[in-house]
Number of protein chains: 2
Amino acid sequence: MRSDARRNYERILAAAVAEVAATGADASLEKIARDAGVGSATLHRHFANRQALMEAVFHDRVETLCAQAGDLTLTDWLRAVAEFGATTRGLAASLLAAGATADSGCEAMLTDAGGALLRQAQQSGEVRAGVAITDLLTLVNAISLATQDGPEAIRLLDLALKGVAP
Amino acid sequence: MRSDARRNYERILAAAVAEVAATGADASLEKIARDAGVGSATLHRHFANRQALMEAVFHDRVETLCAQAGDLTLTDWLRAVAEFGATTRGLAASLLAAGATADSGCEAMLTDAGGALLRQAQQSGEVRAGVAITDLLTLVNAISLATQDGPEAIRLLDLALKGVAP
DNA sequence: AGACTAACCGGAGTGGCACCCCGTTTGTCA
DNA sequence: TGACAAACGGGGTGCCACTCCGGTTAGTCT
């Protein structure tokens, strides 16, 4: 990779992080390119489509999220994922779209980290068998997506994990 | 309302129903107008924005959904809502957007019908206090949204209602 | 250092979108 | 039947994602 290419890549990524934080995952790619000081063609050469760019934007943060898994219980980690998804506007939608279209690095990281916690919780009898980590992550994604960036996410997640029975 | 206006209104609505069924709630409004044989300006005069059109498209179906509430338990009715949301692509997203921006007729109907069922379930001790119908509907919307039109919706809803404990 | 070349760049273009303006047509009702 | 308000839609605006291609540049090899 040539040095100018790398420099532009990083400028675009930085602009994208800022713009996504400000306006969500449906931010204008043209504006990101403009903010980065490159032509839109350059943006599209580095990131074939919106999805690819979003993957890159979220990758680092997802990585740290997965690194935290060792220090948390399944429930607390799922809460962290929910909170992250709710604050990082559009992560959920982005991951969802990724799951639908192509295998995403982010998703694999999340299922790996969460899968370990889930197995642990199942062995200690806190979670019943037949629950898959993908189910739980889909649920978290769903809730993040539905509550946008509101504070409802955690409450709804707890509700879903606890069930509605007394 | 003039007769031509009414005729165009209905043509647009019919085209919208077909198009939404085919491609989801993010269907092209221009294409709907084209299919209806009217100019795009006419579509926008009758329906100020995408949200208004979607409301109209879903209104009838939501009405029948609410009418069924009397014959079903809370759980079964929520399943019906989930199934409906999953098959009618984009209903969930649409209702969500509605909830965020303006009070929607559809949403009020759903909270009324579901609220009655929930009170009933709480009085008979099947559902604990502190659970609100809006929580449950948000959850259902979330799941419909996340599972797109897949068959996962019901399974995830049951999971959420039951909780993860053994 | 100089020259070569493949990689890279971005302005300009394409086709599509939602939504609006305004001159024209049409239904209605006296 | 004539007048007029109501409704129509072609065409326009500004935005978007994404692509093409002629010019530029960074790295390499002598």
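So that the names make sense, note that chain A is the first sequence line, chain B the second, and so on, each numbered from 1.
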- Item | Integer-rounded Å distance: C:dC17 C1' and B:Arg50 CZ | 9 Å
- Message: Is there a continuous path of hydrophobic side-chain contacts, each under 4.5 Å between heavy atoms, that joins A:Val17 to A:Leu53?
- Response: yes
- Remember a base hit wins even if backbone is also touched, and classify B:Ser28 as base, sugar-phosphate or nothing at under 4.0 Å, heavy atoms. sugar-phosphate
- How is B:Ala5 classified with respect to the nucleic acid when contacts are heavy atoms under 4.0 Å: base, sugar-phosphate, or nothing? sugar-phosphate
- Message: Without decimals, in angstroms, what is the distance between B:Leu43 CG and C:dA18 P?
- Response: 9 Å
- When rounded to whole Å, the CZ to P distance for the pair B:Arg11 and D:dA7 reads 16 Å
- Message: With a 3.5 Å distance limit and no angle check, can you tell me whether A:Thr23 reaches the backbone of A:Val20 through a side-chain donor-acceptor pair?
- Response: no
- Task: Give the rounded distance in Å between these two atoms: CD of A:Glu30 and C1' of C:dG10.
- Result: 12 Å
- Task: Answer with base, sugar-phosphate or nothing: what part of the nucleic acid does B:Arg34 contact at a heavy-atom distance below 4.0 Å?
- Result: sugar-phosphate
- Whole-Å distance between C:dC19 P and B:Lys31 NZ? 18 Å
- Task: Answer yes or no: does a side-chain N or O of B:His44 lie under 4.0 Å from OP1 or OP2 of C:dC19?
- Result: yes
- Within the pair B:Ser40 and C:dC19, is there a side-chain N or O less than 4.0 Å away from OP1 or OP2? no
- Message: Regarding A:Asp135 and B:Arg155, does a basic nitrogen lie under 4.0 Å from an acidic carboxylate oxygen?
- Response: yes
- Task: Indicate whether OP1 or OP2 belonging to D:dC8 is found under 4.0 Å from a side-chain N or O atom of B:Asn8.
- Result: yes
- Message: Go through it in stages, so that I can follow the logic: the residues are B:Gln122 and B:Arg128, the test is side-chain contact (heavy atoms from CB on, under 4.5 Å), and I'd like the CA-CA distance, side-chain angles, deciding distance and then a yes or no.
- Response: CA-CA 6 Å; B:Gln122 282 172 328; B:Arg128 67 169 191 276; over 6 Å; no
- Could you give the CG-to-P distance, from A:Asp4 to C:dC9, as a whole number of Å? 5 Å
- Select base, sugar-phosphate, or nothing to describe what A:Ala36 touches, counting heavy atoms under 4.0 Å on all strands. nothing
- Kindly say if B:His46 contacts the phosphate of D:dC8, meaning a side-chain N or O under 4.0 Å from OP1 or OP2. yes
- Any side-chain N or O of A:Asn49 under 4.0 Å from OP1/OP2 of D:dA17? no
- Message: Considering every strand and a 4.0 Å limit on heavy-atom distances, what is the contact class for B:Ser3: base, sugar-phosphate, or nothing?
- Response: sugar-phosphate
- May I ask you to verify whether the side chain of B:Arg2 and the base of D:dA7 hold a donor-acceptor pair under 3.5 Å? no
- Message: Return whichever of B:Ala41 or B:Arg7 has its heavy-atom-nearest nucleotide of DNA chain C closer to the 5' end.
- Response: B:Ala41
- hydrophobic_cluster_shared for B:Leu72 and B:Leu65, side chain cutoff 4.5 Å: yes
- Would you mind reading off the distance between B:Met1 atom CE and C:dT26 atom C1', rounded to a whole angstrom? 15 Å
- Between atom CG in B:Leu29 and atom P in C:dA18, what is the gap in whole Å? 4 Å
- Query: Side-chain donor or acceptor of B:Arg45 under 3.5 Å from a matching atom on the base of D:dG9?
  - Reply: yes
- Item | Under-4.0 Å salt bridge between A:Arg79 and A:Asp76 | yes
